[in-house]
**Q** 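Here's a structure for you.
Note that these values count all heavy atoms, side chains included, but never hydrogens, waters or copies made by symmetry. Treat the numbers as computed from the prediction; the structure is a model and nothing was measured.
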Amino acid sequence: MISLRHIFVGLPVFLSTLCFLALIFLLFDAFIVDLVVITVLPISLLTTYYICKKAGKSYTEPSKFDGWLIASVCIWVVCNLFFSSQHLFTNRDPATYNNAAIWLTNHSSVRIPEPNIIKSIHNPSLTAESLGFTTYEKNPNQLHAQGAHVLPVIQALFGKLFGIQGILKTNIIICGLALIVFYGFCRLYIKPGWAYISALILSLSLPFIFVARDAYSEALSIALIFGGLTILTLAMRNKQLLLYFTAGFVLGASALARIDAYITFIGVIFAIALYMMSIYRDHTKRALSILCLFAVGLFTVSAVALFDVYLLSHSYFISHSRFIKPELYMMIAITLASSMLIVVNSRFDIWKKFGSTVPKRSARALPILVCTVFGYLAFRQLWFTGMSPNMDGVIARNFAEQSVNWLWWYFGPVTVMLGILGLIKALQDHIQKRQLDMLPFILGFCATALIYLYQPNITGDHPWATRRLLPIVMPGMVFLAFYFTQHFIARKKVSVFGNFYRTDILASILVTLCVVSPLVISYPFLVRRLYVPEYQQVQSVCNAVPKDTAVIWLGSAQNFATQPTRSICGIDSVGLRDTDDLTLQVIQTKADQQGKKIYFGFYEEDKTSLPKSITDTAKVVSRATFNEIEHSYKRPPRNTIDIERTIMVSTSK
């Protein structure tokens with residue numbers, strides 16, 4: 001019988017199956033929402049039911065905190081729905097996802113054909129490209145929305161039911177599911193109360209709220225990564241072969257959301273090999289079959305994720321291939337090496353010899369090792385300045401040396417220190433007590449943390465930069481903090497400078513600081529809506545430009561307004577690179593010959609740089625002020641800034 005506790009296994013299975021099958025439809029240019037709903041939803045539900053029946057009994061006993069968590073998440077979701085962003089002008093990734101989702105609600109493919117005006121008014125200065133939407137090299141008549149597309153796919157399903165407002169609020173629902181899955185993972189290793197507080201702290205942090213209210217793929221990554229780790233833990237504890245495949249499938253689905261998920265996979269694959277060496281030394285075939293089942297699930301979904309980016313966002317794949325290819329090669333190499341290691345271990349018993357030659361007291365060196373690594377990363381800003389090429393190829397500051405600061409800025413120094421102690425404790429438990437079921441999380445966390453804390457490879461402004469750490473590093477640090485707290489409070493008393501103190505009193509103080517610290521940073525933004533009213537601004541353009549006409553965007557507006565106008569208004573929308581009088585006259589003449597009515601749109605701030613033949617006849621169609629979180633580099637953001645955007649439209653003669 002399916003009960004409440006099955007949700008912690010069922011949610012990630014449902015999400016991964018839904019994402020995988022829906023994206024298959026997209027790869028074949030057959031993303032018809034009604035067809036997807038009719039076919040994918042039943043299959044996802046049946047798969048979820050079957051896995052829950054197999055794995056549900058192996059989950060921990062129910063707790064009152066399970067119900068509290070579900071209720072709290074529902075309240076959190078409802079509250080945040082009132083503060084969803086309206087990020088539609090394509091200055092960053094969320095607007096790209098939103099516009100791709102809006103397009104998919106009315107089209108079966110994310111391969112966006114160039115507007116008809118490009119063909120009818122052939123002019124080299126006209127372009128359909130804008131930020132986030134580039135031409136496919138192999139077919140210049142198509143545009144691609146950059147990045148992975150599973151989030152727009154899920155958004156489009158909501159958009160078909162609830163319209164554009166539903167698309168803009170989808171990620172809040174996904175974040176609520178991510179909190180439930182994260183809590184379910186924590187429940188496997190710490191008491192329900194501590195797991196509840198861990199999820200609470202994550203939900204109150206600015207990075208999590210930031211991605212929840214806008215269209216960011218990190219929320220989906222959290223749900224799938226921790227869901228996969230949850231199922232993998234159950235597979236290890238209960239020796240169920242089906243769960244190994246399911247764990248690989250769910251974990252691999254996180255690659256559908258983010259191209260950097262492969263880093264985490266590398267650590268998890270190696271952890272499974274070590275586990276097989278320890279548990280199945282005399283059963284080589286079973287150990288290899290388990291590794292194979294996990295790898296098949298993992299690589300199947302990872303391959304679909306790779307095809308998605310390669311086929312549907314080829315220019316994005318090319319620009320990021322220097323990161324993607326090494327990660328994929330390392331995944332394959334680690335899988336093959338792990339298989340060989342299992343075979344060699346069955347013959348020479350490497351694991352047993354290693355365990356006998358490395359005494360338990362060697363675990364005492366772990367605090368020195370972990371503290372040295374984090375100390376180096378934290379203090380390297382005293383002698384190192386992070387620099388790397390930006391999007392224009394210019395060497396610029398990336399603030400990579402401050403990456404550890406990003407953790408304590410948003411979660412507080414107490415949580416970070418407890419998290420480091422929790423990592424040390426987890427490693428010691430693995431060596432001394434052989435708690436191998438936690439090894440996949442530990443190695444997956446460490447692999448990602450070491451790479452991204454050393455070199456985040458992202459623009460260093462905040463809270464944008466926290467995206468690199470949000471899928472596993474930040475939630476993992478919170479979990480590890482309470483993993484240590486649980487063991488600390490079990491000691492009853494602790495000696496500090498010769499004086500004994502009750503650990504429950506000290507723990508209550510530390511936990512209070514852990515909960516309050518994220519609120520100190522996120523409080524100014526809790527009741528702020530960002531990028532509102534961008535939706536109304538696009539609608540104002542829709543009202544000003546009739547359906548059977550076209551709009552040509554001039555100046556900086558061509559980078560931001562081209563695709564939103566086309567996706568939402570359903571009209572031809574392009575940009576114009578050259579805005580001299582001769583180019584405008586040629587375009588106007590060709591439009592007249594074609595009997596095509598055209599309009600010119602631009603931002604008021606660009607008015608002085610445009611020809612008077614356009615600006616003198618232009619009218620203001622929308623003047624609005626919207627909020628955006630300040631872009632900070634050397635400290636966490638503290639407030640929002642007001643940005644005024646005035647859109648002007650001029651009709652052709």
**Q** For the atom pair CG (Leu229) and CG (Asp437), what is the distance rounded to the nearest 0.5 Å?
**A** 11.5 Å

**Q** Looking only at atom types and distance, does a side-chain atom of Ser403 sit under 3.5 Å from a main-chain N or O of Leu453, one as donor and one as acceptor?
**A** yes

**Q** side-chain contact (heavy atoms from CB on, under 4.5 Å), that's the test. Do Cys371 and Ile424 meet it? Break it down for me.
**A** CA-CA 9 Å; Cys371 291; Ile424 295 171; 4.2 Å; yes

**Q** Could you state the interatomic distance from CZ (Phe8) to CD1 (Ile231), rounded to the nearest 0.5 Å?
**A**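 Between atom CZ of Phe8 and atom CD1 of Ile231 there are 13.0 Å.
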
**Q** Please check if the distance between the ring centroids of Phe208 and Trp76 is under 6.0 Å.
**A** yes

**Q** Side chains of Asp93 and Gln146 only: does a donor on one sit below 3.5 Å from an acceptor on the other?
**A** yes

**Q** Is there side-chain contact between Met236 and Leu232, with heavy atoms separated by less than 4.5 Å?
**A** yes

**Q** Drop me the distance from Ser254's OG to Ile222's CD1, to the nearest 0.5 angstrom.
**A**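 Between Ser254 OG and Ile222 CD1, I get 11.5 Å after rounding to 0.5 Å.
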
**Q** Answer yes or no: is there a side-chain heavy-atom contact under 4.5 Å between Val110 and Pro152?
**A** no

**Q** Could you give me the CA-CA distance, side-chain angles and deciding distance for Asn171 and Asp214, then say whether side-chain contact (heavy atoms from CB on, under 4.5 Å) is met?
**A** CA-CA 7 Å; Asn171 220 38; Asp214 214 334; over 6 Å; no

**Q** Any side-chain heavy-atom pair from Leu177 and Phe14 closer than 4.5 angstrom?
**A** no

**Q** Is there a donor-acceptor pair under 3.5 Å between the side chain of Asn345 and the backbone N or O of Met277?
**A** yes

**Q** Would you name the heavy atoms of Ala215 and Leu151 that are closest together and state the gap between them?
**A** C-CD2, 3.9 Å

**Q** So Leu423 and Cys446, do their side chains get closer than 4.5 Å, heavy atoms only?
**A**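 Contact flag for Cys446/Leu423 side chains = yes.
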
**Q** Applying side chain to side chain contact (heavy atoms under 4.5 Å, CB included), can you list everything that pairs with Ala257, at least two apart in sequence or on another chain?
**A** Val150, Ser217, Leu220, Ser221

**Q** Any salt bridge linking Arg187 with Asp66? Criterion: basic side-chain nitrogen under 4.0 Å from a carboxylate oxygen.
**A**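 Looking at Asp66 together with Arg187, the answer is yes, because their closest N to O distance falls below 4.0 Å.
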
**Q** Among Thr264, Leu469, Leu443, find the residue that satisfies the side chain to side chain contact (heavy atoms under 4.5 Å, CB included) test when tested with Thr448.
**A**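 One option only clears the test, and that one is Thr264.
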
**Q** Below 6.0 angstrom between ring centroids: does that apply to Phe249 and Phe20?
**A** yes

**Q** Excluding sequence neighbours, so at least two apart, what forms ring-ring contact (aromatic ring centres under 6.0 Å, His included) with Phe182?
**A** Phe226

**Q** Is the NZ or CZ atom of Arg237 positioned over Tyr275's six-membered ring, under 6.0 angstrom from the centre and within 45° of the axis?
**A** no

**Q** Any side-chain heavy-atom pair from Val211 and Thr466 closer than 4.5 angstrom?
**A**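 A side-chain contact under 4.5 Å is absent here.
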
**Q** Are more than 12 heavy atoms from other residues, nucleotides or ligands located less than 6.0 Å from atom NZ of Lys325?
**A**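 At most 12 heavy atoms, drawn from other residues, nucleotides or ligands, come within 6.0 Å of this atom.
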
**Q** Asp308 side chain to His149 main-chain N or O, any donor-acceptor pair under 3.5 Å?
**A**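 Confirmed, Asp308 side chain pairs with His149 backbone.
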
**Q** With a 4.5 Å limit on heavy-atom distance, are the side chains of Gln486 and Lys191 in contact?
**A** yes

**Q** Which class fits the ring pair Tyr483 and His487: parallel under 30°, tilted 30 to 60°, perpendicular over 60°?
**A** tilted

**Q** Decide if the gap between the ring center of Tyr189 and the ring center of Phe441 is smaller than 6.0 angstrom.
**A**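 No, the ring centres sit 6.0 Å or more apart.
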
**Q** Mind running side-chain contact (heavy atoms from CB on, under 4.5 Å) on Phe482 and Val511 for me, showing each step along the way?
**A** CA-CA 9 Å; Phe482 288 95; Val511 170; 3.8 Å; yes

**Q** Between the side chains of Tyr452 and Asp260, does any donor sit under 3.5 Å from an acceptor?
**A** yes

**Q** What's the separation between atom CZ in Arg286 and atom OG1 in Thr284, rounded to the nearest 0.5 Å?
**A**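 So the CZ of Arg286 and the OG1 of Thr284 are separated by 12.5 Å.
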
**Q** Would you say Ile51 and Leu243 make side-chain contact, with heavy atoms under 4.5 Å?
**A** yes

**Q** Checking the side chain of Ser289 only, and the main-chain atoms of Lys285 only, is there a donor and an acceptor separated by less than 3.5 Å?
**A** yes

**Q** Could you tell me whether the side chain of Leu306 reaches within less than 4.5 Å of the side chain of Tyr262, counting heavy atoms only?
**A** yes

**Q** With rounding to the nearest 0.5 angstrom, report the CD1 to CG distance, Ile442 to Leu436.
**A**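 Spacing of CD1 (Ile442) from CG (Leu436) equals 9.5 Å.
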
**Q** Which pairs pass salt bridge (Lys or Arg N to Asp or Glu O under 4.0 Å) with one or both residues in residues 14-30, sequence neighbours excluded?
**A** Asp29-Arg111

**Q** Measuring from atom OG1 of Thr415 to atom CE of Met477, what distance do you get when rounded to the nearest 0.5 angstrom?
**A** 10.0 Å

**Q** Test side-chain contact (heavy atoms from CB on, under 4.5 Å) on Val36 and Val153; report intermediate values, then the result.
**A** CA-CA 10 Å; Val36 171; Val153 162; over 6 Å; no

**Q** Not counting sequence neighbours, which residues clear ring-ring contact (aromatic ring centres under 6.0 Å, His included) with Tyr310? List them please.
**A** His314, Phe317

**Q** Could you work out, with side chain to side chain contact (heavy atoms under 4.5 Å, CB included) as the rule, every residue matching Ser339, not counting sequence neighbours?
**A**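 Residues passing side chain to side chain contact (heavy atoms under 4.5 Å, CB included) with Ser339: Leu288, Leu291.
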
**Q** Could you go through residues 193-202 and list every donor-acceptor pair under 3.5 Å that involves a side-chain atom there, pairing it with any protein atom two or more places apart or in another chain?
**A**
{"residue": "Tyr196", "atom": "OH", "partner": "Ser72", "partner atom": "OG", "Å": "2.7"}
{"residue": "Ser198", "atom": "OG", "partner": "Trp194", "partner atom": "O", "Å": "2.9"}

**Q** Do side-chain atoms of Ser16 reach the backbone of Val13 as a donor and acceptor pair under 3.5 angstrom?
**A** yes

